[in-house]
Amino acid sequence: MNVLLFGPPGAGKGTQAEAIVARLDVPHVATGDIFRRHLKEQTELGRLAKGYMDKGELVPDQVVCALVTDRLAQPDASKGVLLDGFPRTVSQGEILLDWFSKHGRAVDLVLSLEVAPELLVARLSGRRTCRSCGRSYHVETSPPRVEGVCDSCGGEVVQRDDDREETVRSRLETYLRETAAVLPFLSERCPVVRLDGSQSIASVGAQVAAAIEQAQSAP
Ligand code: ADP
Ligand code: AMP
């Protein structure tokens with residue numbers, strides 16, 4: 001299955017991704033994670049992306065789309081993929097759907113995580129992230145067992161530079177200005193299930209599991 005996880009920054013996409021990829025046995029392709037990996041490895045792409053990420057803006061469409069279509073063409077993604085944080089503009093959506101259709105594939109399911117805007121700021125400013133595996137924590141609601149150490153891989157858990165309050169506001173504005181319109185675009189072309197992302201992590205997980213099960217049993 002080719003599944004898209006859609007929602008504003010802080011909606012819980014990364015949090016739900018782990019269980020989804022385990023269930024579907026497909027790779028997790030999160031464009032933000034890919035940029036952070038490049039940043040850590042100090043590649044040219046990492047330096048380019050940092051300029052946009054620090055301001056809460058989007059990396060240009062051509063750059064992101066080339067990255068994603070290269071990734072989709074890799075053998076481990078041939079049976080399906082979980083895309084997280086992509087597409088973020090209508091133009092990215094058009095390029096993605098064109099690529100799938102040229103390769104005899106389609107988006108089987110869009111999971112849209114919907115969360116009240118006032119919750120997003122609290123989620124993002126309290127978020128802590130593992131530098132190595134990217135797992136998300138929250139200082140209040142889901143801290144790691146040992147402060148600063150990832151439960152999954154032992155990596156260092158830190159605050160992302162772009163989770164500071166000024167950048168959070170700008171990212172949410174960018175979402176409203178450029179990304180919100182992607183949902184109606186996708187709704188006209190792919191099966192979309194809207195989920196209440198304001199509920200607990202476990203309850204959102206149960207909604208996600210039910211939506212996937214239903215999509216898998218659809219004719
Ligand atoms: P996204 O990948 O959509 O930007 P994350 O999955 O990283 O968002 O989640 C953002 C923050 O919100 C993290 O600190 C995470 O622990 C927390 N979080 C995620 N889902 C929930 C939830 N259902 N209830 C409460 N907090 C959540
Ligand atoms: P995320 O980890 O999804 O919150 O993404 C972090 C940052 O990476 C975003 O604020 C953007 O600057 C950049 N980014 C991630 N995905 C995309 C995308 N699909 N298009 C443009 N920029 C992106």
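Numbering of ligands and ligand atoms starts at 1, following listing order.
- Near Gln199, meaning under 4.0 Å from one of its heavy atoms, ligand 1 places the atoms 22 (C), 23 (N), 24 (N).
- Taking every heavy atom of Thr15 and a limit of under 4.0 angstrom, the matching atoms of ligand 1 come to 5 (P), 6 (O), 9 (O), 15 (C), 19 (C).
- The pair Arg171-Asp163 meets the salt-bridge criterion, since a charged nitrogen lies less than 4.0 angstrom from a carboxylate oxygen.
- Selection from Ser125, Pro8, Ser142, Gly10 by nearest heavy atom to atom 10 (C) of ligand 1 gives Gly10.
- Of the N and O atoms on the side chains of Gln159 and Arg164, at least one donor lies less than 3.5 Å from an acceptor on the other residue.
- Which of Glu18, Arg135, Arg123 comes nearest to atom 25 (C) of ligand 1 through a heavy atom is settled by distance: it is Arg123.
- With salt bridges taken as basic N to acidic carboxylate O contacts below 4.0 Å, none links Asp33 and Arg135.
- Numbered from 1 in the order shown, with element, the atoms of ligand 1 that lie under 4.0 Å from a heavy atom of Ala11 read 3 (O), 8 (O).
- Without hydrogens or angle criteria, Arg47 side chain to Gln42 main chain gives a donor-acceptor distance under 3.5 Å.
- The nearest heavy-atom contact from the protein to atom 2 (O) of ligand 1 is Gly14 N, 2.9 Å.
- Legend: residues meeting salt bridge (Lys or Arg N to Asp or Glu O under 4.0 Å) with Arg23, ordered by chain and number and at least two apart, are Glu213.
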Could you go through residues 114-124 and list every donor-acceptor pair under 3.5 Å that involves a side-chain atom there, pairing it with any protein atom two or more places apart or in another chain?
{"unit_1": "Glu114", "atom_1": "OE1", "unit_2": "Arg194", "atom_2": "NH1", "d": "3.3"}
{"unit_1": "Glu114", "atom_1": "OE2", "unit_2": "Ser112", "atom_2": "OG", "d": "2.7"}
{"unit_1": "Glu114", "atom_1": "OE2", "unit_2": "Arg194", "atom_2": "NH1", "d": "3.4"}
{"unit_1": "Arg123", "atom_1": "NH1", "unit_2": "Gly10", "atom_2": "O", "d": "3.2"}
{"unit_1": "Arg123", "atom_1": "NH1", "unit_2": "Ala11", "atom_2": "O", "d": "3.1"}
{"unit_1": "Arg123", "atom_1": "NH2", "unit_2": "Gly197", "atom_2": "O", "d": "2.8"}

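- Every N/O-N/O distance between Asp84 and ligand 1 stays at or above 3.5 Å.
- Distances between N or O atoms of Ser136 and those of ligand 1 include at least one value under 3.5 Å.
- Each of Ile212 and Leu186 belongs to its own hydrophobic cluster when Ile, Leu, Val, Met, Phe, Trp and Tyr are linked at side-chain heavy-atom distances under 4.5 angstrom.
- No side-chain donor from either of Thr179 and Arg88 sits under 3.5 Å from a side-chain acceptor of the other.
- Side-chain contact between Pro144 and Val149 is absent, with no heavy-atom pair separated by less than 4.5 Å.
- Looking from atom 8 (O) of ligand 1 to the surrounding protein, the closest heavy atom is Gly12 N, 3.2 Å.
- With hydrophobic clusters built from ILVMFWY side chains whose heavy atoms lie under 4.5 angstrom apart, Leu82 does not share a cluster with Trp99.
- Summary of contacts: the protein heavy atom closest to atom 13 (C) of ligand 1 is Tyr137 O, 3.6 Å.
- Using a 4.0 Å heavy-atom criterion, the residues that approach ligand 2 are Thr31, Gly32, Phe35, Arg36, Met53, Glu57, Leu58, Val59, Val64, Gly85, Phe86, Arg88, Gln92, Arg160, Asp162, Arg171.
- Residues meeting the salt bridge (Lys or Arg N to Asp or Glu O under 4.0 Å) test with Glu165, sequence neighbours left out: Arg169.
- Residue Ser200 places a heavy atom less than 4.0 Å from ligand 1.
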